[in-house]
Undergrad: 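Sharing a structure here in structure tokens format.
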Protein chains: 2
Amino acid sequence: MASQTEENYLKSLFNLANDNNEVNISELATQMQVSMPTVNSMVKTLQKNGWLIYEKYKPVTLTPKGKKEAALIIRKHRLTEMFLVNKMGFGWEEVHEIAEQVEHIHAPKFFERMDEMMGFPTIDPHGSPIPDKQGRIQEINYLSLSDCKAGQTVILAALTNSSTEFLEFLNSRNLSLGTELKILSKEAYDQSIVVSYLDHSSETLSEKVCDKLLVKLLE
Amino acid sequence: MASQTEENYLKSLFNLANDNNEVNISELATQMQVSMPTVNSMVKTLQKNGWLIYEKYKPVTLTPKGKKEAALIIRKHRLTEMFLVNKMGFGWEEVHEIAEQVEHIHAPKFFERMDEMMGFPTIDPHGSPIPDKQGRIQEINYLSLSDCKAGQTVILAALTNSSTEFLEFLNSRNLSLGTELKILSKEAYDQSIVVSYLDHSSETLSEKVCDKLLVKLLE
DNA sequence: CAATTTTGTTAGATAAATCTAACATTATAA
DNA sequence: TTATAATGTTAGATTTATCTAACAAAATTG
């Protein structure tokens with residue numbers, strides 16, 4: 001069984017993996033907020049325990065076992081977030097910190113009950129997919145709002161970032177998943193986008209914000 | 001902030017404390033399932049952090065700060081157990097292991113929400129009192145079924161032991177908190193007691209079992 | 001009350017997860 | 001294409017929580 005620390009490395013490795021499933025030591029060190037020597041020694045431990053493949057001076061790659069384990073931890077995290085929002089009345093900006101702790105609980109029945117009680121949700125409160133019990137993740141290819149054009153109508157479906165600050169910004173604009181946005185115009189100079197939705201007839205969203213909003217194109 | 005290990009020692013210290021609030025090193029070692037030297041060194045750490053008073057070759061005593069901290073961890077444990085039973089549909093024999101992990105979560109709002117959702121319960125699923133937010137515990141002086149006499153009618157109110165095996169034994173006899181028991185007779189030889197309740201017209205309970213059943217006398 | 005048993009302590013070792021300082025390799029770029 | 005920068009590794013130390021072996025104090029008992 002992976003230690004809590006190992007579990008956190010597995011999660012980061014899963015999230016940092018590029019198209020070749022590779023992660024650099026320095027990226028991992030930044031993500032985990034530890035020094036490179038720490039990562040170096042942990043990576044050796046993770047390899048010894050069969051979670052990843054490591055060769056000196058090369059980026060590391062999760063093994064299938066490591067990838068599955070990571071996905072199952074992410075599953076627990078996302079189920080927890082959804083449970084906190086749907087069953088306990090938390091706001092989407094409050095749940096990450098709690099889920100970060102709950103995800104390490106070893107009690108399959110606990111998470112199965114959450115799952116059942118919610119009717120087996122497939123996405124978390126931020127629109128990210130919840131891996132299934134086998135650790136399989138159903139990737140949905142949303143569009144970034146940044147890549148949309150004036151005249152299009154889209155539905156806000158997910159976020160690429162779920163920091164408290166960003167979520168509080170969205171709350172302040174009354175933006176939530178499922179909101180239908182009409183793109184009124186796009187400013188060529190700074191890539192900002194003007195949208196209308198609900199009772200907001202004209203709201204300007206900066207490129208920084210648009211990059212983080214994932215949408216489904218309507219029609 | 002106490003480490004998870006320290007929190008477990010505090011809980012044990014709280015539960016083992018005798019009338020003088022004292023706990024012996026050997027008792028603590030047994031309870032924590034570690035060696036005496038381990039306890040010896042941990043006790044020094046706990047003293048350094050202000051959780052208890054320790055003098056060489058003497059039993060240790062929790063400080064008020066230590067006692068409060070312990071009670072607040074026990075509060076989280078018992079709220080969790082009650083939440084698992086009342087809101088998630090677990091049996092009383094399934095919740096201890098899960099609560100043992102959840103109690104270490106640092107997220108006051110999480111436990112406050114549980115508390116609210118349950119309407120501020122004062123006892124856990126095994127009849128043990130839930131300490132309040134200040135760490136105050138309301139002690140109820142129940143009677144042991146062992147101390148009752150033939151002819152008396154009592155209500156099962158709490159348990160002194162909540163091991164899975166014992167809880168499964170009670171389940172097998174259809175015994176749950178709130179059950180009204182009529183004491184039909186008591187065997188002088190082995191202290192066993194014969195009771196009737198619900199559709200059980202005559203059930204014999206050994207001394208070992210009676211010792212663990214706490215009851216309220218009716219009338 | 002002296003001998004023995006029980007209880008508690010010290011010393012020193014180990015494993016996990018971290019660090020800094022120094023060094024090595026690989027990548028970038030003048 | 002060699003100098004420099006970026007990235008990665010090694011060595012060795014630290015902290016936390018644990019252990020065993022050896023020893024010391026306190027409690028029990030014949």
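Sequence lines set the chain letters: A, B, ... in the order given, protein chains first and strands last, and positions in each chain run from 1.
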Undergrad: I need the CG-C1' distance between B/Leu28 and D/dT18, as an integer number of Å.
TA: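 One finds 14 Å between C1' of D/dT18 and CG of B/Leu28, rounded.
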Undergrad: For B/Glu81 and B/Arg78, run salt bridge (charged side-chain N to carboxylate O under 4.0 Å, His left out): C-alpha distance rounded to whole Å, both residues' side-chain angles, the deciding distance at 0.1 Å, then the answer.
TA: CA-CA 5 Å; B/Glu81 288 196 338; B/Arg78 293 183 180 166; over 6 Å; no
Undergrad: Quick check on DNA chain C: between A/Lys48 and B/Tyr54, whose nearest nucleotide comes earlier from the 5' end?
TA: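 Its nearest nucleotide lies further toward 5', so the answer is B/Tyr54.
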Undergrad: Between B/Asn40 and C/dG8, is there a contact of a side-chain N or O with OP1 or OP2 at under 4.0 Å?
TA: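 No, no such contact exists.
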Undergrad: Donor-acceptor pair, distance only, cut-off 3.5 Å: does the side chain of B/Thr63 make one with the backbone of B/Gly50?
TA: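 Yes, because the side chain of B/Thr63 sits within donor-acceptor range (under 3.5 Å) of the backbone of B/Gly50.
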Undergrad: Base, sugar-phosphate, or nothing: which does A/Lys58 touch, judged by heavy atoms less than 4.0 Å apart?
TA: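 Here A/Lys58 touches no strand at all.
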Undergrad: Can a donor-acceptor pair be found, under 3.5 Å and without considering hydrogens, that links the side chain of A/Glu187 to the backbone of A/Tyr189?
TA: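 Side chain of A/Glu187 to backbone of A/Tyr189: a pair is present.
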Undergrad: Round to a whole Å and report the spacing from CD of B/Glu7 to C1' of D/dA17.
TA: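 Going from CD in B/Glu7 over to C1' in D/dA17 covers 15 Å.
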Undergrad: Donor-acceptor check, side chain of A/Lys11 to backbone of A/Ile73, threshold 3.5 angstrom: yes or no?
TA: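 No, because the side chain of A/Lys11 does not come within donor-acceptor range (under 3.5 Å) of the backbone of A/Ile73.
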Undergrad: Across nucleotides 17-28 of chain C, 5' to 3', mark each nucleotide with B, S or - according to how protein heavy atoms within less than 4.0 Å reach it.
TA: SBBBB---S---
Undergrad: Less than 4.0 Å between a side-chain N and a carboxylate O, is that true for A/Glu112 and A/Lys109?
TA: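 Salt bridge absent between A/Lys109 and A/Glu112.
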Undergrad: Can you check the B/Asn24 CG to D/dA25 P distance for me, whole Å?
TA: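 Atom-to-atom, B/Asn24 to D/dA25, this comes out as 19 Å.
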Undergrad: Do you know which two heavy atoms are closest between B/Val215 and B/Tyr142, and how far apart they sit?
TA: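 Minimum heavy-atom contact is O-CB, 3.7 Å.
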Undergrad: Would you mind reading off the distance between B/Ile25 atom CD1 and D/dA26 atom P, rounded to a whole angstrom?
TA: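 B/Ile25 atom CD1 is separated from D/dA26 atom P by 14 Å.
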